[in-house]
A.B. asks: 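Can you keep this structure in mind? I'll have questions shortly.
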There are 2 protein chains.
Amino acid sequence: MAYANAFAALADPTRRMVFERLGKGPQAVGAIAETLPVSRPAVSQHLKVLKEAGLVSDRAEGTRRIYYIDPEGLGQMRAWLDRFWDTALAEFGAEVARDNLKRKDAK
Amino acid sequence: MAYANAFAALADPTRRMVFERLGKGPQAVGAIAETLPVSRPAVSQHLKVLKEAGLVSDRAEGTRRIYYIDPEGLGQMRAWLDRFWDTALAEFGAEVARDNLKRKDAK
DNA sequence: ACTTACGGTAAGTCATGGCTTACGCAAATG
DNA sequence: CATTTGCGTAAGCCATGACTTACCGTAAGT
């Protein structure tokens with residue numbers, strides 16, 4: 001059920017930007033905020049959501065907090081998506097075949 | 001940029017239930033609504049969002065519309081997630097190693 | 001000890017979006 | 001054709017959540 005929070009977390013554009021920023025490497029909160037069009041508290045709130053979703057972790061470094069991507073959340077999302085992948089491909093193929101038949105009949 | 005709509009689409013619990021329902025096989029709108037705690041129009045609206053996100057497609061069958069999962073949206077999400085997967089694993093390993101060092105020092 | 005730097009939290013505002021009921025449209029059925 | 005069945009859309013209501021400013025705690029520097 002944890003993937004639920006992950007999807008919700010990555011649904012917001014700004015929060016996705018925060019996450020993508022961490023894809024370039026670990027960053028402090030202020031450093032992230034500087035590159036984004038929102039205030040630092042907003043970034044803090046986004047990081048909190050991402051952390052609760054298992055998408056990021058953090059460590060203290062003096063007075064700063066360094067955030068980095070946690071594979072946990074990513075893995076759960078991938079697992080969930082993969083549950084649909086194979087069957088979706090098969091079903092879609094069947095639908096396309098049905099569609100081709102119809103077009104043929106129309107001729 | 002299309003994966004953005006996909007994440008937003010799967011962020012809602014009800015909409016995720018609709019999608020998961022389609023994972024069992026193609027279904028008509030009314031059939032989906034019967035199994036869910038929301039009205040049929042609500043399901044219609046969710047399907048519209050899922051369709052715009054490339055997550056489902058539909059065909060007409062008499063007066064019903066049969067919806068089924070479209071691999072397109074799933075594929076884009078998987079591709080996006082995979083962009084972070086490898087680097088996230090590596091970074092996370094480095095963080096764990098750093099943490100172990102700290103614990104050692106503390107002894 | 002004082003001050004500065006860095007971040008998390010509280011409170012309040014405003015937009016987004018998910019839900020309902022009511023309505024309209026098209027295809028099958030008699 | 002009139003009726004029924006199955007969906008999509010419109011309008012309106014209400015909760016959620018993303019953002020801001022203000023404030024507080026903590027760690028380093030002088």
Side-chain angles (χ1 to χ4, degrees), chain A residues 4-22 25-53 55-70 95 98-99 102 105-106, chain B residues 1 4-22 25-53 55-70 95 98 102 105-106:
Chain A
N5 294 331
F7 280 112
L10 293 179
D12 181 71
T14 305
R15 202 152 44 218
R16 226 173 20 243
M17 290 185 206
V18 171
F19 184 76
E20 287 179 330
R21 191 79 176 71
L22 293 179
Q27 291 285 330
V29 180
I32 300 173
E34 282 176 2
T35 68
L36 296 179
V38 295
S39 67
R40 185 194 51 72
V43 173
S44 262
Q45 295 164 4
H46 284 308
L47 286 168
K48 183 179 182 180
V49 175
L50 289 171
K51 187 176 179 179
E52 289 172 351
L55 287 166
V56 305
S57 292
D58 64 313
R59 71 168 189 275
E61 184 165 296
T63 152
R64 338 191 174 192
R65 300 203 70 85
I66 310 296
Y67 281 82
Y68 51 91
I69 294 183
D70 185 339
E95 296 292 343
R98 180 197 314 265
D99 196 44
K102 250 210 274 197
D105 289 351
Chain B
M1 304 285 273
N5 294 331
F7 280 113
L10 293 180
D12 181 71
T14 305
R15 201 151 46 218
R16 225 171 22 241
M17 290 184 206
V18 172
F19 185 76
E20 287 179 330
R21 191 79 177 70
L22 292 179
Q27 292 284 331
V29 180
I32 299 173
E34 282 177 2
T35 70
L36 296 180
V38 295
S39 68
R40 185 194 50 73
V43 173
S44 262
Q45 292 165 5
H46 284 308
L47 286 168
K48 182 179 183 180
V49 175
L50 290 170
K51 187 175 179 179
E52 288 172 352
L55 287 165
V56 305
S57 292
D58 66 311
R59 72 168 188 273
E61 183 165 298
T63 153
R64 339 192 172 191
R65 298 205 71 85
I66 309 297
Y67 282 82
Y68 50 90
I69 294 183
D70 186 339
E95 295 292 342
R98 179 196 315 265
K102 249 209 263 190
D105 290 350

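Fair warning: this is a prediction, and the values are worked out from it, not measured in the lab. Every heavy atom of this structure was used, including side-chain atoms; hydrogens, water molecules and symmetry mates were not. Every chain is numbered from 1 and lettered A, B, ... according to where its sequence line falls, protein lines coming before strand lines.
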A.B. asks: May I have the distance from A:Asp58 (atom CG) to D:dT26 (atom P), rounded to whole angstrom?
C.D. replies: 17 Å
A.B. asks: Could you pick out which residue, A:Asp12 or B:Leu47, lies toward the 5' side of DNA chain D when each is mapped onto its nearest nucleotide?
C.D. replies: B:Leu47
A.B. asks: Measure NZ/A:Lys48 against C1'/C:dA10 and give the value in whole Å, please.
C.D. replies: 11 Å
A.B. asks: Show the nearest heavy-atom pair for residues A:Pro26 and B:Glu95, with the distance to one decimal.
C.D. replies: CG-OE2, 3.9 Å
A.B. asks: On the nucleotide D:dG8, are OP1 or OP2 found under 4.0 Å from the side-chain N or O atoms that B:Tyr67 carries?
C.D. replies: yes
A.B. asks: Is A:Phe19 close to A:Leu55 at the side-chain level, that is, under 4.5 Å between some pair of heavy atoms?
C.D. replies: yes
A.B. asks: Closest-nucleotide mapping onto DNA chain D: is A:Glu61 or B:Arg64 further toward the 5' terminus? I mean the 5' end.
C.D. replies: B:Arg64
A.B. asks: Which whole-number value in Å describes the distance from A:Arg40 CZ to D:dC24 C1'?
C.D. replies: 12 Å
A.B. asks: Select base, sugar-phosphate, or nothing to describe what B:Arg15 touches, counting heavy atoms under 4.0 Å on all strands.
C.D. replies: sugar-phosphate
A.B. asks: Between B:Thr63 and C:dA27, is there a side-chain N or O to OP1/OP2 distance below 4.0 Å?
C.D. replies: no
A.B. asks: Of the options C:dC6, D:dC19, C:dC19, whose atoms approach the side-chain atoms of A:Val38 most closely?
C.D. replies: D:dC19
A.B. asks: Taking CD from B:Gln27 and C1' from D:dG6, how many angstroms apart are they, rounded to a whole number?
C.D. replies: 15 Å
A.B. asks: Nearest 0.5 Å, please: how far is CG in A:Leu10 from CZ in A:Arg15?
C.D. replies: 8.0 Å
A.B. asks: Return the value, rounded to whole Å, for the distance between atom NE2 of A:His46 and atom C1' of C:dT9.
C.D. replies: 15 Å
A.B. asks: What's the closest nucleotide to the A:Gln45 side chain, out of C:dA10, C:dT20, C:dG7?
C.D. replies: C:dA10
A.B. asks: Check the phosphate of D:dC19 against A:Thr14, side-chain N and O only, distance under 4.0 Å to OP1 or OP2. Yes or no?
C.D. replies: yes
